[in-house]
Amino acid sequence: MSIREVLEGPLYIVRALATTFKHNARPRVTIEYPERQKVVPPRHRGRHILHRYADGLEKCVGCELCAIACPVGCIVVEAAENTPERRVSPGERYAKRYEINLLRCIYCGMCEEACPYDAITMGPRYDLADDHPDKFIAVKEDLLEPLQASLGDTARPSAAPSAQAEPRKW
Amino acid sequence: MASTVVTDQVTLTVNGQSVTVPKGTLILDAAKKIGIDIPIFCSHPKMAPVAVCRMCLVEVEKMPKLQPACAVYVADGMVVRTTTEQVQKYQKGVLEFLLINHPLDCPICDKGGECPLQDQTYQYGPGASRFDFEKAHFDKAVPLSDKIVLDRERCILCWRCTRFSEEISGERELALIQRGVHTIIGTFNDEPAQSNYQGNWTEICPVGALTSREYRFISRPWDLDRTASICPGCSMGCNIQVDARHNRIGRFQSRENLAVDDGWLCDFGRYSFPTFQRQGFEAPRVRQDGKLVEVSFEEAIAAAADGLAQARGAVAGWASPAATNEELFLFQRLFRQRLQSPHIDHRAFRPTWPDPDPDDMTLPIADLERCDYVVVLGGQEVIDAAPVLHLRLFKSERRGVKVLKIDAEQGARAREWVPADAQAVGILATVSHKKEATDLQAALGKKVKGSVRRLLVVRGPNGRGANDLGILPNFRPGYEGLNGQSGKGRAEWGKGGIGAAYIFEASPLHAFEATEDERRWLSGLKTLVMHRFRASPLDDLAHVIIPGRAFTEKAGTVTNMEGRVQRIGRAIDADAVPDDWMVLQAIARKLGAPWDYHESSDITADLLDLIPQYAAVDRGERVLWSERT
């Protein structure tokens, strides 16, 4: 060991400690999960959301284009007809059953691409762990956004007819 | 001078390819023959051309303008081009016009996915529309009847449905109302449509304007599992496709067989499918101390075999004319060989019923068009028994066949009406008026020079098969007599000597339908086994109830009224319920039969050994009993 190395040794220690203390002062990358949640980017592909119009009617018409676009086949949709007594969506048709198998889903966002009514989007939620496989079948009630969350969006696509023809006598 | 050979053939060139077709062929069909696809909306092979949609415009040399391929007949030396720049420009233009007021509600349209307008827009259309204004709006979801929903916005005015009601069914129910952009399809005075052939409108509609109420929003076309089968509605034997989703029947669609249905279905058959929809699992039940108790299938079969064996020799057996040939074959073997009871029948109750014979079906359905004179004995009664016959008769009438519809008792009128020089005469009647039909046939046979044939409409999709396979007290399979060992027919069961009964009701549409008297003697039996698909009014009299399978849940063969043996397919899985033939086999095995079938096709093979004529099933042909030596 040369005398030069003996003299430079503590210098290296000081430089290493400087790096450590420098990072101490910088903003933290990690967060105190789960007490604090991460803010995801606006186009993050988390768990799906089924949207509503401002008046609370569902945007989904049950056309199944998401189901056919889904590369893993994790979406099941069954449609039904709106009646004057029970109106779920603005047009003639709504999704009676809408289920996504979140274990099979690969969060690719093809359903969102395929949707002609912007009814389904990939949402910000990522904390999807649970303790039983059955709990990963998201049904329509799980996916629908709450009623008050939709109040901003008043525009309806022009193709969605505003009202259905009056039912006739026969 | 060069000699020319005059033939009925003309040769033309389509896109540089030469094709020879008979005179009077349309350019469209000539192009189709060499695999050149010309887009169409209004043209339909079974209707006269109208050329209203202008989608099929093609370039014909020496003609100044583009010509509609669906309405121009070929000529010798014609040169047709279907892919030139001008044609493509016109196709784009036509589609752009059609789409101006067509709402883009494909996501909610039942036709979306199997829509010619969608397909052709993809293939030939412009990518975008230049129309920035509000689309014209018409009524949506108008109920045209209790079966059909009309969306007037989607209609592209191809006239197919109105032409169907004029040229195919002859009922003239639908018409075009108003003019120009205001044109709509409708019925007179907006009254509900009455036709029995409305389901066909939904099939020929090239857009989603006419859709079925029963199928409304049930499924998208790509979800459907499609199975080729036969309509369970009547003995016509129309070919259908059972479209199922999630193991539930969504709809019956026609599957064209020119010899039988000509591509059409009646509404009775098409919308009969809810009858065959399974409503959950039903356990077999056995009566113990006067009450029906749920048991397993094995126990129910053992109880049935036990009860029937006790009355050996005096068991009455009724099998539905909707059961398959395989089931009926096992059924008659079970009764004749194992229970020594030839008292089997498949008929509805009549005090007397003439015996069937192979001559009842010497007139094939398609040959109605080739007759000169057709007598429909019983008029509307015959049409009601096999509704698609009306379309065939109307088609024949349009081709010059004289059709006389009279009451069954008025055979004398028909005898005068048919002239002596008729070449081919057909007689249609229901099986209950067989005597009148044979009398008329005999009388006309003496009067007329040409042939006189008859076709009897039997009951049930396999009523003919039940006759052929000897589900009758006095015939073995193949119409062989029993040498004096005939059993009792249904009319005689109530007169005593019957100790037990097995009622095999395969289809709710062709049920046992007990009369009051029959209920009385059935309630006095020691054992009544009900083997049926749906709850039956006889359930409260039964000692053993074995749930069976629906027509759409089994595979096998059925024979239609003209003797054509056709396969039905298993469209719906019902694994919790044993197949009907398995139940028959299990009962027979309890009674000592060595049967060991694993598939219904094994039974078909044995059936062919006994009745070689049934080999026609592999060719989709009719069983020709006249070939029998």
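For the numbers below, each heavy atom of this structure counts, side chains included, while hydrogens, waters and symmetry mates do not. Residue numbers start from 1 in every chain, and the chains themselves are labelled A, B, ... in the order their sequence lines are given, proteins ahead of strands.
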Sort by residue number and list every member of residues 64-75 of chain A having a non-hydrogen atom under 4.5 Å from chain B. A:Glu64, A:Leu65, A:Ile68
Is A:Glu81 salt-bridged to B:Arg213, cutoff N-O under 4.0 Å? yes
Electrostatic pair A:Arg45:A:Glu112 at N-O distance under 4.0 angstrom: no
Contacts of A:Glu5 meeting side chain to side chain contact (heavy atoms under 4.5 Å, CB included) (sequence neighbours excluded), chain-then-number -> A:Met1, A:Ser2
Could I get the full list of side chain to side chain donor-acceptor pair (under 3.5 Å) partners for A:Arg97, not counting sequence neighbours? A:Glu78, A:Glu99
Toward chain B, the part of A:Val77 with a non-hydrogen atom under 4.5 Å: backbone
ring-ring contact (aromatic ring centres under 6.0 Å, His included) contacts in which one or both residues fall within residues 102-128 of chain B, not counting sequence neighbours: none
Salt bridge between A:Asp142 and A:Arg47, side-chain N to carboxylate O under 4.0 Å? no
